[in-house]
Structure formats: structure tokens, C-alpha cells
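Note sheet for the following structure.
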Amino acid sequence: MNGRFVERARELLARPGWGPRAAVFVALVLLIPSLFTGLLVDDLWHRIYLTRDPRWGPVPRAAWDLFAFYDSDAPRRDWMIEQGIGIWWTDPAIRLAFFRPLSSLTHALDYALWPRSPLLMHLHSAAWYALLVGAVAALYARVFRQRQVAALGAILFAMDYNHGIPAAWLANRNAVIAAALGVLALLAHDRARASRDARVGALAVGLFAVSLLAGESGVSTLAYLFAWAVFMDEDTLTRRARSLVPYGVVTVVWALLYRAGGYGASHSGMYIDPSQDPMAFVKGAASNALLLIASEWGSVSPDVLVVAPWLTPGFLASAAFFVALAVGALVPALKDDRGARTLVLGGVLAVLPACATMPGSRLLTLPSMGLVGAAAAVLGGVLEREAWVPRTGARAWFVGAFALWAGGVRLALSPLLFVVVSLQMLLLHGTFERLAMTLPVGGAPLESQRVVYVNAPDASFTGYVSLIRQYRGMSVPGSFLVLAPGTREVEIERRDESTLVVRQPDGLYRHATDVLMRSPSRPMRVGERVVLSDVTVEVTHVMDDGVPDEAVFRFARPLEDGRWRWVEWRGERFVGFTLPPVGGRVRLAGRMFKPA
């Protein structure tokens, strides 16, 4: 029976046009559950920007500039810290601004045509994902000699669970758009090189330029263009090199405009700017690249490391095993198939730009084209009994094991995993929503108060509580202040009627998203102050690396004044915090923040 099933599958994969149609169909079916998830986390920021919500003062951006969160606008940054959106230890030089005008305008189109229908917004995103899958199917048809392998690769790509977040989350649509336009640019480049048609060549360069305007991830297209010139282009070496020059010029112009516009990510512990700190990038790139590549070749996605960094050694060991397995399996295929060589080289190089931030599945949309294609080459070679497949020895074991795990098991489990991952942001949003619903109310109007979170589950993203409450039509705090992360033990000491001392033994910001707004490599000084309208924070002790582990909070009014609403994070809810008496202290146990 298994033999008949395999033969039937081979017959279907060999039918002209069946593979691309099946891949697009699979992609759209897998996205059905996410169509009904509504607006999630960052989507609420886009809603504020595009509806010009007056509640958020200077926060809203131009319709083409939705991804510039912190730039050179100091008054805007200071307002966000005053409101609590920016944590009090935010680096004054922080920059988290991404130039994605094309993707921004697709969101503006959503709010112009169907502002009250998240379902239609999700269908819009699904259309972009379908375009990406169709383009990759066309590229595989060009790269692989056998139609069955190309069709198999397209289906594997469509159901790749690493695509779940960018395909399903509206705010991450930019990755899909940039990837789709990048693949179309590569297809046009191939046609231009074959036909010598300058107009098609100009189209290819134009598509590449537009992919950069959709998102920075579009720069990974260069990796595939380079691999194409090395292995697929049959022209002279000089002409192949010359064909890449226009893309290089576009990249340089884009980079100069990007920098001149004040865009980029710097002084954050979650992002590394290679141009400003090349050594830190190189240091992180080795482990990040290993984790990302391995997650396409059989290892576990590294997403969980954001909240559980102590698991990194185990993840690296798993990644090393699966990459070694893949290399052992791919060597015979690479010797035989220039298409496989193109995809592997392009996929590996395409991962490098993604190494500038914490590794995660959402970064693999474009690199996965090469890495999944390589897995398809091995699995397809085994199914088709191609001549390069070894029959005995260690190579046969490597090929068989990799084909079974990265191909066969992936084919069986990916549909389920895709749906689970596509709902990951819903789980995160649901956690914040439950917290928002439990925010203690009563007494003075919440709108006139500053909510003080003594131990927040996520120090950098507690602002979602206010966004969600507003979106649900509930009262919203006038402002808020996070004293310390709640994921580690924190001690609160009351010095006098209006002063608290906060201590956290291993540093107030050290891991995960706590370092989003300030890198641990950017020390604070003893005596350094952050002055808000009604609270002054002073660093009173720092660790050897300059990360503060003690700070004094001096409030403008007594702590029992109705201006403040004191809140403690306890498990899955917020509860009122009981202030200690003068001279007293309270220790709050650390808890793991688990979106669920």
C-alpha cells in the first residue's frame, strides 16, 4: 500500500502545473484559522497611527512610516517615556526605526478600504503569501531538473511552519511582501540573462528596489542573485559579475537613504547594527545563523529563547547535530545538481542579515526558499531514486536520515505546526488581554492616575495593556510606570512617605525584551537620573558591567495619594499592591512570563 501511495504521489507531482496550484492551495488552507484572529499586539499601534488617535499625542506617524518607533525625534521619545510606553531605563540614543514605506502603505490601504474588518486585512496578507508561494514554485521549476522535485519543494515551502508568524500576523506582512518581490526579481533576472532583454533586466532591478522598500529583509535577495551568478548563469565570469552591479548600486543608494533618514536599530540589546558594532555582529552571527539554518533542517525553532535564554546551549547542540546531518546528506546532491548548490549557497548567505537580531522563525521567510529547497532536493532524489543517491555506507545513512526527518516527518507535521505557529501571536495577545482585563479599577478615575506596575511580566511591552483596554472600549490609565521586570525576584523598600528603593540582584535589565530599549553594553552611572513630570528615578548602584541593580524612585506626592494606582503581577493577572510601611520592605518572587 505504501508503494502504491508513493507512486500515486509521484504521478501527481509530475503533472504540469499541479505542484504550484497545490502549494498555493495548501498555503491558503493553512491560513484559514488565522483569518479570524483580529488585530494583535503591534497591529494596535498601526491602528493608532492610521486613525490618528488623539489619545496618543505625538505617537502617530505618516501613513508610509508605520515602523519608525524611536528615531531622532527626542520630544516624541521623551513623551513615550513620560507615558510609560518607553521603560525608564531607555537609552537616550535609542533608535528603532525601520524604513518600510511600501508595507506601510498596504496597511494604509486596509484602513482606507475596510478599516473595521480585520478579516479583510488578513485576506489581503494571505494574498501576498499566495503570491510568494507561487513565485517560489516558479523558481523551483526553473532550478530543479525534475518537475516532481520542484512540486515537492513548493509544497514543503508553502507549509513551512517557520512562515506561520509572517504569513498570519498583519504587522509582519512586510517580510512576506519583501520576500515575494525579491523572488520575482530573481525570476526576472534569470529571464533577462537568458533573453538579453534590457527591459526585463530593468524590471528585475526595479523589483529588487521595491522589495527593499517593503522591508530590510529584501536585502537577502542579493544572496540568491550572487548564488545564481555563481552556479546558474552560464555566461563569462566578467559578464556575470557585471550583471550584479545594478543591484549593488541600488543597495548602496538604499542604504545611504536609509541612514540619511535616521532609520536603523542601535543601542538596543535585541538588535545589532553591523555598521556600528561589526565585532558584536560577527560574534552573534555564528550562533544565530546556526540556529536559524538548523530550524529549517529539522531542529526546533529558536523562538522560545527570547523568554528562556538559559536553553541556548541545548538549542545550539541540537542545531549543530541537524546541520551536520544535513551537510552529510547534501554533499552527494550538491555534486550532482547545480540547482541544489544555488539554493544552499543562497539560503545560507540569506540568513546573515537576519543575524542582527535575536533568532526567530519570522526571520526565515526568504532564507527558507533555499534551505527548504535543499531538503526537497534530498527527499525528491530519494523518492525518484536518482543516480546520486548512495545505496550503501555512511553517506546512505546521512541521506536516508535527513530525507526521513527534514523531508518526510516535516511533510507530515508541518501543516499542524504551521497552524500552531500562525496562532502564536494570538496566544501572546491573549495573555496581555487577560492582564488588561484584570487591571484593578475603582476609586479615582483610572484616566487621571499613573498606574505603577511594581513587577511587570514584560517590562518593554506593558503598554499593550493600555492599548488593549482602549481597543475594547475600557478606561485607560493616564500614564503608567514599570519599576522592574517581574521575571526575576525584586525587592521593594519604602524609605519614606514618597520614596521607594527597588533592587534586583542580577540587574534591572538583563534578558529577553528587558534589553530592547537599552543594551547591557550601554552602562548607566551611579547618580544618573530620569526625570518624569511626577517621578524621579535615580540609579544608586550598578553592577560591574554598568547595569543598575538598585534605583530610587522619588514620587512627587505621598505614595498613598490617589494620583497613583499600585499594581502587582501575580501569575496570570494583575492585583493591587500593598505598600510596605516606612522602613519596611517586600520581596516579590520572579515568575516566568508564559504566553498561553
Side-chain angles (χ1 to χ4, degrees), residues 27 31 42 46 64-68 96-110 121 124-139 157-158 160 162-189 203-228 247-248 250-255 257-258 261 263-265 271 292 296 346-347 349-357 359-372:
L31 284 175
D42 285 3
H46 290 166
W64 55 269
D65 199 22
L66 302 185
F67 295 88
L96 294 171
F98 306 104
F99 185 52
R100 301 167 182 171
L102 176 61
S103 295
S104 295
L105 289 173
T106 68
H107 294 290
L109 180 65
D110 286 337
M121 298 179 188
H124 180 181
S125 289
W128 280 106
Y129 189 59
L131 175 63
L132 170 62
V133 170
V136 170
L139 188 83
F157 181 87
D160 181 5
N162 286 311
H163 300 163
I165 293 178
W169 186 26
L170 296 176
N172 207 180
R173 181 191 292 168
N174 61 87
V176 176
I177 298 175
L181 294 171
V183 178
L184 290 174
L186 189 58
L187 287 167
H189 174 77
L203 174 63
V205 175
L207 285 167
F208 171 65
V210 177
S211 77
L212 295 175
L213 298 181
E216 299 79 6
S217 58
V219 76
S220 290
T221 307
L222 288 174
Y224 291 104
L225 288 164
F226 173 75
W228 205 271
Y247 303 99
V250 167
T251 303
V252 170
V253 171
W254 167 77
L257 291 174
Y258 199 94
Y263 294 94
Y271 293 89
L292 291 170
E296 289 292 0
L349 293 179
V351 163
L352 295 180
C355 294
T357 186
S361 60
R362 61 189 179 85
L363 304 172
L364 284 164
T365 311
L366 195 49
S368 64
M369 178 175 70
L371 303 175
V372 171

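- Tested against Ser103 for a side-chain contact (heavy atoms from CB on, under 4.5 Å), the candidates Val176, Asn172, Ile177 yield a single pass: Ile177.
- Here Phe208 and His189 keep their ring centres 6.0 angstrom or further from each other.
- For the residue pair Asn162 and Pro166, the shortest heavy atom distance occurs at O-CD, 3.9 Å.
- In this structure, Asp42 has no salt bridge (charged side-chain N to carboxylate O under 4.0 Å, His left out) partners at least two apart in sequence or on a different chain.
- Here CG of Leu181 is found 9.5 Å from CG of Leu213. Values are rounded to the nearest 0.5 Å.
- The side-chain contact (heavy atoms from CB on, under 4.5 Å) with Thr221 is formed by just one residue from the set Leu207, Leu184, Val183, Leu366; it is Leu366.
- Contact detail for Ala223 and Gly346: the closest heavy-atom pair is CB-O, 3.5 Å.
- The shortest non-hydrogen separation linking Leu187 to Ala135 is CD1-O, 3.6 Å.
- Each of Phe67, Phe98, Phe99 was checked for a side-chain contact (heavy atoms from CB on, under 4.5 Å) with Tyr263, and the lone residue meeting it is Phe99.
- Here Ser125 pairs with Arg173 under the side-chain hydrogen bond (donor to acceptor under 3.5 Å, both in side chains) rule; sequence neighbours left out.
- Distance check, rounded to the nearest 0.5 Å: OH of Tyr129 to CG of Leu132 gives 6.5 Å.
- In this structure, Ser220 contributes its side chain and Ala350 its backbone to a donor-acceptor pair below 3.5 Å.
- In this structure, the side chain of His163 engages the main chain of Phe157 through a donor-acceptor pair within 3.5 Å.
- Atom CG of Leu212 sits about 10.5 Å away from atom OH of Tyr258, to the nearest 0.5 Å.
- Between the side chain of Ser104 and the main chain of Leu66, a donor-acceptor pair closer than 3.5 Å is present.
- One distance of note links OG of Ser361 with CD1 of Ile165; it measures 4.0 Å at 0.5 Å rounding.
- Residues His124 and Asp110 come closest through the heavy atom pair ND1-OD1, 2.8 Å.
- Nearest heavy atoms, Ser368 versus Glu296: CB-OE2, 3.0 Å.
- Centroid-to-centroid, the aromatic rings of Trp228 and Tyr224 stay 6.0 Å apart or farther.
- Separating the CZ atom in Arg100 from the CG atom in Asn174 is a distance of 4.0 Å, to the nearest 0.5 Å.
- Of the possible polar contacts, none joining the Tyr247 side chain to the Phe226 backbone as a donor-acceptor pair under 3.5 Å is found.
- Between Val136 and Val372, every side-chain heavy-atom pair lies at or beyond the 4.5 Å cut-off.
- With values rounded to the nearest 0.5 angstrom, Leu363 atom CG is found 6.5 Å from Thr357 atom OG1.
- Across all their heavy atoms, Ala158 and Ala27 have their closest contact at CB-CB, 4.1 Å.
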